[in-house]
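One structure below.
Side-chain atoms are counted along with the backbone in the values below, which use heavy atoms only and exclude waters and symmetry mates. Throughout, a chain's letter reflects where its sequence line sits, starting with A, and its residues are numbered from 1.
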Amino acid sequence: EAGVAQSPRYKIIEKRQSVAFWCNPISGHATLYWYQQILGQGPKLLIQFQNNGVVDDSQLPKDRFSAERLKGVDSTLKIQPAKLEDSAVYLCASSRGGTNEKLFFGSGTQLSVL
Amino acid sequence: LAKTTQPISMDSYEGQEVNITCSHNNIATNDYITWYQQFPSQGPRFIIQGYKTKVTNEVASLFIPADRKSSTLSLPRVSLSDTAVYYCLVGVGGSYIPTFGRGTSLIVHP
């Protein structure tokens, strides 16, 4: 079974530029998550999708971050404009979406904002 | 949403058994307990999940007392490759919002 695919693996941009991350979840997984992980901290949930609907986006900085999962499969997370404090690893995860389903994570995109 | 508390860090030596305890005093009746492991430059990986008593798989054991206000992840005979951060999560599926704390950084020494 193929895992969660993310790209790019690394990205370096300057502040105020825009950036986009892509995630392809495991086939058949209804729930997709985007997490932000700052060095030394645990992953922080930014947004959770159930199929193509948003379950929770309470911690998504909506003035600069946006995410979509239009066809209920792959997803993109965008930052515009980026700030220095956005430097982090952006992790995508997916699950079947049922009760107590475990999360499967991709390797993440490491973003450096200079 | 049940909050979890874990030690920030632990040290051990190869071949020893390591026990990491997670406190979750306000766990709800339907909540399950799930542990993840994260290596540097990788996303977290599911280790084990349980509801009560004891669960064991090829990687670890999970001990949950009757009151379910805490749980202990047990790693038998650790090796250097078990050096990682371990996270305890509490909740159920459906409307569950998987929330990670800072986790426990385990360092295994030769």
Check your understanding: Same hydrophobic cluster for A/V113 and A/F65, using side-chain heavy-atom links shorter than 4.5 Å among ILVMFWY?
Key -> yes

Review point. Is A/K71 atom NZ crowded by more than 12 heavy atoms from other residues, nucleotides or ligands, each under 6.0 Å away?
Key: no

**Study point:** Engaged part of A/Q6 at the chain B interface, taking heavy atoms whose separation is under 4.5 Å
**Key:** neither

Check your understanding: Checking B/Y36 side chain against A/L103 main chain: does a donor-acceptor pair fall under 3.5 Å?
Key -> yes

Check your understanding: Shortest non-hydrogen contact from B/Y87 to A/Q41?
Key -> OH-O, 3.9 Å

Practice item. Hey, could you give me the CD/CZ distance between A/E101 and B/F46, rounded to the nearest 0.5 Å? Key: 9.5 Å

Review point. If you measure from CD1 on B/I47 to NZ on A/K102, what distance do you get to the nearest 0.5 Å?
Key: 11.5 Å

**Study point:** Under 4.5 Å from a heavy atom of chain A, the part of B/S105 involved
**Key:** neither

Revision key, fill the gap. Correct closest heavy-atom pair for A/L91 and B/P44 would be CD1-CD, 4.0 Å

Practice item. Please report the shortest heavy-atom distance between B/P98 and A/Y35, naming the atom on each side. Key: O-OH, 2.8 Å

Point to revise | Enclosure of B/F39 CZ (heavy-atom neighbours >12, cutoff 6.0 Å) | key: yes

Review point. With hydrophobic residues grouped by side-chain heavy-atom distances under 4.5 Å, do B/I20 and B/F63 end up in a single group?
Key: no

Point to revise | Atom CG of A/L114 with >12 non-hydrogen neighbours under 6.0 angstrom | key: yes

Review point. CD1 of A/I12: more than 12 outside heavy atoms within 6.0 angstrom?
Key: no

